[in-house]
2 protein chains.
Amino acid sequence: MNKRRDDYIVQPVMKALQVLEHVARQSHEVTLTEIVSELKLPKTTVFRYLQTLSAASFIHHDQKRDRYGVGVGFRALAKADRKLQRLRNLAHPEMVELMETFNETVNLAVLSDRYIVYVDMVEPNRAMRIHARVGDRHPVHSTSLGKAIVAFLPDSREDLFQGDWLRPMTIKTLTSAKAFRRQMDDVRRRGYAIEMGENEDGLMCIGVPFFDSAGYPLAAMSLSAPERRMKPDVTVHAVEALKNAARRISIQLGARFEGGAFAPLEPAHS
Amino acid sequence: MNKRRDDYIVQPVMKALQVLEHVARQSHEVTLTEIVSELKLPKTTVFRYLQTLSAASFIHHDQKRDRYGVGVGFRALAKADRKLQRLRNLAHPEMVELMETFNETVNLAVLSDRYIVYVDMVEPNRAMRIHARVGDRHPVHSTSLGKAIVAFLPDSREDLFQGDWLRPMTIKTLTSAKAFRRQMDDVRRRGYAIEMGENEDGLMCIGVPFFDSAGYPLAAMSLSAPERRMKPDVTVHAVEALKNAARRISIQLGARFEGGAFAPLEPAHS
DNA sequence: ATAGCCAGTTTCGCCTTGCGGAACAACGGG
DNA sequence: CCCGTTGTTCCGCAAGGCGAAACTGGCTAT
């Protein structure tokens with residue numbers, strides 16, 4: 001089927017990965033010579049790879065005992081990946097159910113560097129064109145997803161909506177820091193965010209955040225639909241359904257809710 | 001302190017690790033050009049690294065959408081590492097306590113390729129010399145650690161003690177498959193393994209296994225001491241203490257015990 | 001339809017730089 | 001104290017990694 005895709009394989013990388021794999025597969029920390037005799041690679045070569053892998057902290061070099069084991073860098077990566085995978089796996093079934101209930105698109109997004117980025121998306125079988133793809137970025141201030149997350153961020157992240165970042169996307173986009181801050185208060189009070197044609201004309205979204213065990217808003221989920229389809233009664237239903245789903249997911253992520261609060265811990269604001 | 005240790009850094013490896021890290025750090029699958037514009041590396045180069053990382057299945061290449069994400073190989077490694085780390089972390093405090101109670105060496109070992117390998121070790125402040133180090137391998141049939149694990153392995157692993165592997169280590173080492181099998185029955189019945197001078201003259205060990213949630217004997221822990229120090233009453237105490245500690249650890253590893261059984265699930269033997 | 005654009009793939013020749021044998025140093029055990 | 005073993009450094013060769021640029025194929029906009 002494919003030609004020879006190993007034309008593009010870079011040997012040093014491939015061999016270094018073998019070394020990494022071997023080290024991580026052992027149940028104990030290993031010595032240089034152990035690796036060499038196992039992988040049948042020249043000693044000098046393995047030595048260099050180990051130095052490189054150590055420098056990248058994928059591998060830990062125990063100087064005293066001259067043994068190599070899994071490094072903190074590798075573990076950090078693995079942990080970050082696990083966290084996201086878990087989030088996606090927990091959220092997806094709820095997203096499918098919401099999509100089926102309302103027959104509208106449901107999005108999952110996280111905050112990344114002043115933007116929200118779409119991480120998952122479930123779409124109904126309608127002709128209406130999709131407006132975003134997994135991996136796309138949108139501004140924080142013009143999306144319900146962004147608002148839902150930012151509202152529950154600690155105060156230290158206020159930099160996210162300083163004046164010059166409030167770029168107008170449509171005629172309705174909020175561009176004043178004051179108005180935005182007021183909306184944030186609403187979001188915190190009600191537990192969900194609304195956006196109406198502020199990001200794309202004629203499109204409205206309802207967004208709700210998920211919290212981890214530290215009360216941090218890891219991600220948000222939104223239902224987005226053409227404004228004219230979202231009659232007031234549907235909107236009310238959708239808000240409830242989204243909030244309930246988000247609460248279930250948050251609880252599975254380890255968040256604890258006290259009483260009827262929307263956020264598990266008191267968010268760090270006035 | 002160190003001279004210039006970056007003399008031995010292999011650029012392709014280092015840069016490929018950057019690519020891997022970047023891909024894994026993103027909350028979504030990324031495209032080639034995204035990586036390129038982020039890492040400021042030539043497109044061709046990144047392309048080659050991605051091919052290589054994919055070939056090693058550290059990265060997954062979604063052919064349809066031309067996007068790259070974390071691969072199954074990486075996740076498998078991470079998982080294996082987590083499992084071991086967890087084992088060590090759970091066992092260590094119990095090992096320290098056992099060591100303090102009996103003032104003897106406590107070992108932790110796993111099965112690896114027909115040998116048991118020491119994964120952790122806690123030693124008392126005595127003059128008596130240590131007889132093993134973390135990373136050392138010993139035969140399965142001459143150690144209490146090996147016996148404790150093998151006894152609870154499914155029948156399919158009987159190959160581990162075929163005749164020619166029963167090498168004598170001391171005059172007391174069991175060398176007949178028949179005698180060994182009988183001991184395995186005893187171990188299963190009593191829930192612990194004993195070894196008296198079969199691996200090293202004058203040294204005795206008591207070994208107990210840990211089980212994971214699937215009822216598989218992940219590892220074993222042993223108390224080892226000079227034979228003459230281990231009077232019968234001390235031995236009885238030690239056996240109880242070891243079995244209790246092992247049960248606590250197994251439960252934390254997800255194993256479920258029914259009634260007073262030594263193994264969480266009925267091991268696959270007659 | 002068709003042209004233009006953009007992302008991914010392939011080619012190709014230069015010359016960097018990775019390679020590995022071998023010599024060296026540093027332990028550690030007998 | 002000496003030998004064997006393991007980790008580190010050196011060095012010259014050429015393998016093969018590199019990246020500019022050309023190419024392809026799919027998508028959009030007109």
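In the text below, chain A, chain B and the rest are named by the order of the sequence lines, each starting its count at 1. Computed from a predicted model, the values in this text were never measured in an experiment.
- Here A:Gln11 does not reach the OP1 or OP2 of D:dA15: none of its side-chain N or O atoms lies under 4.0 Å away.
- The side chain of B:Pro42 approaches D:dG19 more closely than any other nucleotide in the set C:dT10, D:dG19, C:dA22.
- Remark: A:Thr45 is not in phosphate contact with C:dG18, judged by side-chain N or O atoms under 4.0 Å from OP1 or OP2.
- Of all nucleotides listed (D:dT8, C:dT9, C:dG20), C:dT9 comes nearest to the side chain of B:His61.
- One atom, CG of A:Leu39, and another, P of C:dC19, lie 14 Å apart when rounded to the nearest Å.
- Side-chain N/O atoms of A:Glu34 and A:Thr31 include a donor and acceptor closer than 3.5 Å.
- At a cut-off of 3.5 Å, with distance as the only test, a side-chain donor of A:Asp66 or A:His61 sits close to an acceptor on the other residue.
- Taking side-chain N and O atoms only, B:Arg48 has no distance below 4.0 Å to OP1 or OP2 of C:dG8.
- In this structure, A:Arg65 places its CZ atom 13 Å from P of D:dG7, rounding to the nearest Å.
- OP1 and OP2 of C:dT9 both lie 4.0 Å or more from every side-chain N or O belonging to A:Tyr8.
- Taking the nucleotide of DNA chain D with the nearest heavy atom to each of A:Pro12 and A:Asp66, the more 5' of the two is matched to A:Asp66.
- Summarising the geometry, the separation between CG on B:Asp62 and P on C:dA7 is reported as 18 Å, rounded to the nearest angstrom.
- Side-chain contact check for A:His138 versus A:Tyr115: every heavy-atom pair is 4.5 Å or farther apart.
- When the side-chain nitrogen and oxygen atoms of B:Thr33 are compared with OP1 and OP2 of C:dG8, one or more of them lie within a distance under 4.0 Å.
- Per the geometry, CD belonging to A:Gln51 stands 17 Å off P belonging to C:dG20, to the nearest Å.
- The CZ atom of A:Arg67 sits 12 Å away from the C1' atom of D:dT6 (whole-angstrom rounding).
- Across the protein-nucleic acid pair, A:Leu41 atom CG and C:dG21 atom C1' stand 15 Å apart, rounded to whole Å.
- Side-chain atoms of B:Ile116 and B:Val110, non-hydrogen and from C-beta on, never get closer than 4.5 Å to each other.
- Between B:Phe47 atom CZ and D:dC23 atom P there is a gap of 18 Å when expressed in whole angstrom units.
- For the pairing with A:Glu29, the salt bridge (charged side-chain N to carboxylate O under 4.0 Å, His left out) check across A:Arg65, A:Lys64, A:Arg67 returns one residue only, A:Arg65.
- Comparing A:Tyr68 and B:Lys15 along DNA chain D, the residue whose closest nucleotide (by nearest heavy atom) sits nearer the 5' end is A:Tyr68.
- In the set D:dT8, D:dG17, D:dC18, the nucleotide with an atom closest to the side chain of A:Leu32 is D:dT8.
- Side-chain atoms of A:Thr44 lie closest to D:dT9 of the nucleotides D:dT9, D:dC18, D:dT8.
- One interatomic measurement links the two molecules: CG of B:Asp7 to P of C:dT16, which rounds to 18 Å at whole-angstrom precision.
- Taking only side-chain nitrogens and oxygens, A:Tyr49 never comes nearer than 4.0 Å to OP1 or OP2 of C:dG18.
- B:Leu108 is listed as a side-chain neighbour of B:Met95, based on a closest heavy-atom distance under 4.5 Å.
- Considering only side-chain N and O atoms, A:Lys43 lies nowhere under 4.0 angstrom from the phosphate OP1 or OP2 of C:dC19.
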